[in-house]
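See below for the structure under consideration.
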Amino acid sequence: MTSTFTVHAASGYEQLMGRWSRRLAPKFIDFAGLASGETILDVGCGTGSLTFELAKSTDLAEIQAIDFSPVFVAAAKEKNTDPRITISQADATALPFADDAFDRALALLVLHFVPEAGKAMAEMRRVVRPGGIVAAVVWDHYGGMTGMRMMIDTIAALSESGRQMRSRYCFQPMMQPGEMKRTFVEQGLADVTEAELMIRMDYADFNDLWAPIRAGEGPLGKYMTTLDTAERERVEAAVRDAYQAGRPDGPRSFANVAWACRGIVP
């Protein structure tokens, strides 16, 4: 399985998205549900935002966490001190677990970066026992990421390559209204429920927002690495102007909405 998410360093991902994944994780767990004694699979664990939030439920029996990126797996393993947690490198579209092995399979902010998202969802369904829960959450890049759309739209106004990048970013898998719910139903899950979860992303200043992108992290950072020095400087200046909006540099806060879905394995 390939991934459309670019990561160079775990610390860069933490500044770009990990800190916000941790803010979203408790809301997602409330939506997905937990029960005493369960065995949970975290698909696409990243640096462990969901994994370690799950571990705060002391009555869970076991947490298996997988990710395709060796950078993420190494970072999560380094942080882990809980014997119930096992972290390993694996492919979400070919999970290395037996049928019916888990009570729940959860995916936090990963399916939109999996080109074969339906196949990954089918694998999550396969490894969850009958009566168990499959749940996932993805950002609404088109209509729910105000800070990112500010940057993306600014860049799109500067060049044709920026417009093409915006189209790719806004229409990744599972992001359109009802799309993930339809896929859950197509994979045979029952009692499928969709909801919107919202957090705010709060930045200390422009550099707090832009530093990981400047370093090449994530989809926007990957795009920046394709530009020459003069164009990178032009883009950064334009995005800085959009962030500051005519006021001195400093704190800014953006609302961010994610689509969440859960279903029961029949």
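Just so you know, these numbers come straight off a predicted model, no measurement behind them. All residue numbers in this chain count up from 1 along the given sequence.
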Output for pair (M201 CE, L24 CG), nearest 0.5 Å, gives 8.5 Å

Quiz item: Please walk me through it: do D208 and R19 pass salt bridge (Lys or Arg N to Asp or Glu O under 4.0 Å)?
Solution: CA-CA 12 Å; D208 189 27; R19 51 182 166 168; 3.1 Å; yes

> Taking the side chain as C-beta and beyond, is there a heavy-atom pair between L106 and L50 under 4.5 Å?
Replying inline: yes

### Task
Would you check if the side chain of R252 reaches a backbone N or O of D202 as a donor-acceptor pair within less than 3.5 Å?
no

Rounding to 0.5 Å, atoms NZ (K27) and CG (L197) come to a distance of 7.5 Å

When rounded to the nearest 0.5 Å, the distance separating CG of D100 from CZ of R129 is 9.5 Å

Please check if the number of heavy atoms outside Q244 that lie under 6.0 Å from its CD is greater than 12. yes

Check your understanding: Heavy-atom distance under 4.5 Å between the side chains of M121 and L111, does that happen here?
Key -> yes

Is a side-chain N or O of R166 found less than 3.5 angstrom from the main chain of T154, in a donor-acceptor match? no

Using the rule that two of Ile, Leu, Val, Met, Phe, Trp, Tyr join whenever any of their side-chain heavy atoms come within less than 4.5 Å, decide whether V235 and Y203 are in one cluster. yes

Check for me, please, whether F171 and V257 land in the same ILVMFWY cluster - side-chain distances under 4.5 Å, paths through other members count. no

Problem - Check: K79 side chain, T47 main-chain N or O, donor-acceptor pair, under 3.5 Å - result: yes

Here the gap from L189 atom CG to M124 atom CE, rounded to the nearest 0.5 Å, amounts to 9.0 Å

query = Does E78 reach the main-chain N or O of A75 with its side chain, forming a donor-acceptor pair under 3.5 Å?
reply = no

Is there a path of hydrophobic side-chain contacts, each under 4.5 Å between heavy atoms of I/L/V/M/F/W/Y residues, joining M150 to L158? yes

Only residue of L34, I29, V128, L41 satisfying side chain to side chain contact (heavy atoms under 4.5 Å, CB included) with R104 is L34

| task | Test side chain to side chain contact (heavy atoms under 4.5 Å, CB included) on R214 and N207 and set out the steps. | result | CA-CA 9 Å; R214 187 187 296 121; N207 191 62; 3.0 Å; yes

- Task: State, yes or no, whether a side-chain contact exists between T51 and I63 at a heavy-atom distance under 4.5 Å.
- Result: yes

Here the pair of heavy atoms bringing G18 nearest to S49 is O-OG, 3.5 Å

D42 and C45 have their tightest heavy-atom pair at OD2-CB, 3.4 Å

Taking every heavy atom of L60 against every heavy atom of A35, the minimum-distance pair comes out as CD2-O, 3.7 Å

With no hydrogens and no angle check, do the side chains of T146 and R149 hold a donor and an acceptor under 3.5 Å apart?
-> no

With distance as the sole test, does R200 use its side chain to make a donor-acceptor pair with the main-chain N or O of S253 at under 3.5 Å? yes

Counting only pairs under 3.5 Å, give me each side-chain donor-acceptor contact of residues 259-266, with atom names and distances, residues two or more places apart or in other chains.
| residue | atom | partner | partner atom | Å |
| --- | --- | --- | --- | --- |
| W259 | NE1 | M175 | O | 2.8 |
| R262 | NH1 | F31 | O | 2.7 |

- Message: In the structure I gave you, are the side-chain heavy atoms of T183 and M174 within less than 4.5 Å of one another anywhere?
- Response: yes

Between the side chains of D67 and S69, does any donor sit under 3.5 Å from an acceptor?
no

Taking every heavy atom of F28 against every heavy atom of L108, the minimum-distance pair comes out as CD2-CD1, 4.0 Å

Tell me, yes or no, whether the heavy-atom count around F97 atom CZ, taken from other residues, nucleotides or ligands under 6.0 Å, exceeds 12.
yes

message = Tell me whether D191 at atom CG has more than 12 heavy atoms from other residues, nucleotides or ligands lying less than 6.0 Å away.
response = no

Should I87 and F72 be regarded as members of a common hydrophobic cluster, given that ILVMFWY residues are connected when their side-chain heavy atoms come within less than 4.5 Å of each other, either directly or indirectly? yes

Of all heavy-atom pairs linking L220 and M165, the shortest is CD1-CE, 3.7 Å

message: Could you check whether any side-chain N or O of Q89 sits under 3.5 Å from a backbone N or O of F68, counting only pairs where one atom can act as donor and the other as acceptor?
response: yes

Margin query: Before you tell me yes or no, could you show the steps for F102 and I40 under side chain to side chain contact (heavy atoms under 4.5 Å, CB included), namely the whole-Å CA-CA distance, both residues' side-chain angles and the distance that decides it to 0.1 Å?
Written below: CA-CA 6 Å; F102 299 95; I40 310 295; 5.9 Å; no

d(D249 CG, Y243 OH) to nearest 0.5 Å is 6.0 Å

- prompt: Do side-chain atoms of D103 reach the backbone of T39 as a donor and acceptor pair under 3.5 angstrom?
  reply: yes

Would a 4.5 Å heavy-atom cut-off, applied to side chains only, mark L209 and M151 as touching?
-> yes

* To do: Check the angle between the aromatic planes of H141 and Y169 and answer parallel, tilted or perpendicular using the 30° and 60° thresholds.
  => parallel

Item to complete: Answer yes or no: is there a donor N or O on one side and an acceptor on the other, between the side chain of T226 and the main chain of Y223, under 3.5 Å?
Response: yes

task: Would you confirm whether N256, through its side chain, and F254, through its main-chain N or O, come within 3.5 Å as a donor-acceptor pair?
output: yes

May I ask you to decide whether E236 forms a salt bridge with R240, counting only side-chain N to carboxylate O separations under 4.0 Å? yes

Test: E179 and R182 ion pair at under 4.0 Å | no

Flag side-chain contact, heavy atom, 4.5 Å: P219 against F113
yes

When every non-hydrogen atom of M180 is compared with those of V137, the smallest separation belongs to CE-CA, 4.3 Å

Between the CZ atom in R234 and the CG atom in L227, the distance rounded to the nearest 0.5 Å is 9.5 Å

Does any non-hydrogen side-chain atom of Q164 lie less than 4.5 Å from one of R168?
yes

